[in-house]
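Numbering of ligands and ligand atoms starts at 1, following listing order.
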Amino acid sequence: MPGSSLGHYLIISTFGESHGVGIGVIVDGIPPGLEISEEVVQKQLNRRKPGQSDITTSRSEADRVKILSGVFEGKSTGTPLAMLLYNSDVRSSDYEGIVKKFRPGHADYTYLKKYGFRDWRGSGRASGRETAARVAAGAIARRWLEERGVSILGFVRSAAGISCKTFDMDYIEKNPMRTCDRIAGQKMEARIRELIEIGDSAGGVIECRINGVPPGLGEPVFDKLEANLGKAILSIGAIRGFEIGAGFRAAEMRGSEHNDQMDSNGFRNNNAGGIIGGISTGQEIVFRAAVKPASSISLPQTTRNTDGETVDISTEGRHDPIICPRVVPVIEAMAAITLMDQWLGYRALRGIDPPNH
Ligand SMILES: Cc1cc2nc3c(=O)[nH]c(=O)nc-3n(C[C@H](O)[C@H](O)[C@H](O)COP(=O)(O)O)c2cc1C
């Protein structure tokens, strides 16, 4: 499997490299009649695009989407929907210094070993830019889910070693860290500015909360909802961990503590994160993803070159000192794509929508 496609009933295939002509996606399986416009897609792309603040990369991509097919008179036709974003702010010369060097933490070494040669310009297909195509596809899935009462909210739960203590939903899209706690957010920004000064980077944890998902989504055993969500999220560059509900904390809890007891009103708590046995319970779906610190840093490090010599490396170019705020819309997009795929799967097998909808 070449690995650029995802899904069974809603199938997305992304293409393009960071410094090539452009980045794009083909989305197949969208039911006909869904209202779609470039504006709907653009709104989500603007949340991911570079240059949103002084704590993200200064690369200036307009990220203007063009819908090439699959829409007629503002509605999906049911045929493959293709979207394209041209690359404009390309400075491949920034990467000339790494043509023969393997950047620590980046995909240079593995791409070369696998393919025998690699597109070193802007990291090629391993660039975070590839995720713009996912966000474009996710905007369509999100729109379809919204019509069915599903809402998806992602935010930065911790970054640069600083964790949120409070949750203010309205604050999330109003601050460059996309975090939920004003005080923690200010501390994160200050810490990241310090790291920019010394040429280093930081990681963090993103939480995603999904409401309005009916019970019944997910296909045991290999297409469990959490398994498919995990795959979709772990396929994003720089994601190093995935947990659902109580997640890794569950390993330290007792059964009596972890069990989501039920009564006549339904579930009493949600340690399962809204999924049991691979099937949605109808509760809020809650998962978290660990984002590593961006590997491209200007602090000098040691690596190997293609001749097998030990050499110094310091990454030039425009990079994100913290990836987390820009990854939030990517995570939401991958969650939307996965949920719509499983919903369409439910329909395909049973001929009806999931219950309570
Ligand atoms: C939105 C986004 C932006 C990214 N920006 C950078 C960056 O500026 N510098 C960098 O080294 N990695 C960046 N990455 C991460 C790399 O794409 C990723 O580390 C690389 O493909 C290797 O994959 P892995 O970390 O999953 O093993 C970004 C990822 C995303 C999703």
Discussion item. Please tell me whether E130 and T14 have a donor and an acceptor in their side chains that are separated by less than 3.5 angstrom.
Written reply: yes
Fill in: Parallel, tilted or perpendicular: ring planes of W144 versus W343, cut at 30 and 60 degrees
perpendicular
Worksheet item: Side chain of S18, backbone of G122: donor and acceptor closer than 3.5 Å?
Response: yes
Worksheet item: Taking N or O atoms only and a 3.5 Å limit, does S296 qualify as a polar contact for ligand 1?
Response: yes
Discussion item. Looking at ligand 1, would I323 count as a contact under a 4.0 Å heavy-atom criterion?
Written reply: yes
Worksheet entry | Lys/Arg N to Asp/Glu carboxylate O, E17 vs R125, below 4.0 Å | no
Response to the item:
Counting heavy atoms under 4.0 Å, the part of R240 that contacts ligand 1 is side chain
Fill in: salt bridge (Lys or Arg N to Asp or Glu O under 4.0 Å) partners of E226, counting only residues at least two apart
none
Response to the item:
Of R129, H106, K292, the residue with the heavy atom nearest atom 19 (O) of ligand 1 is K292
Worksheet item: Any N or O on S127 sitting closer than 3.5 Å to an N or O of ligand 1?
Response: no
Worksheet item: Any N/O of V327 closer than 3.5 Å to an N/O of ligand 1?
Response: no
Worksheet entry | Partner residues of Y86 under the ring-ring contact (aromatic ring centres under 6.0 Å, His included) criterion, sequence neighbours left out | none
Discussion item. Is E130 close enough to touch ligand 1? Criterion: a residue heavy atom under 4.0 Å from a ligand atom.
Written reply: no
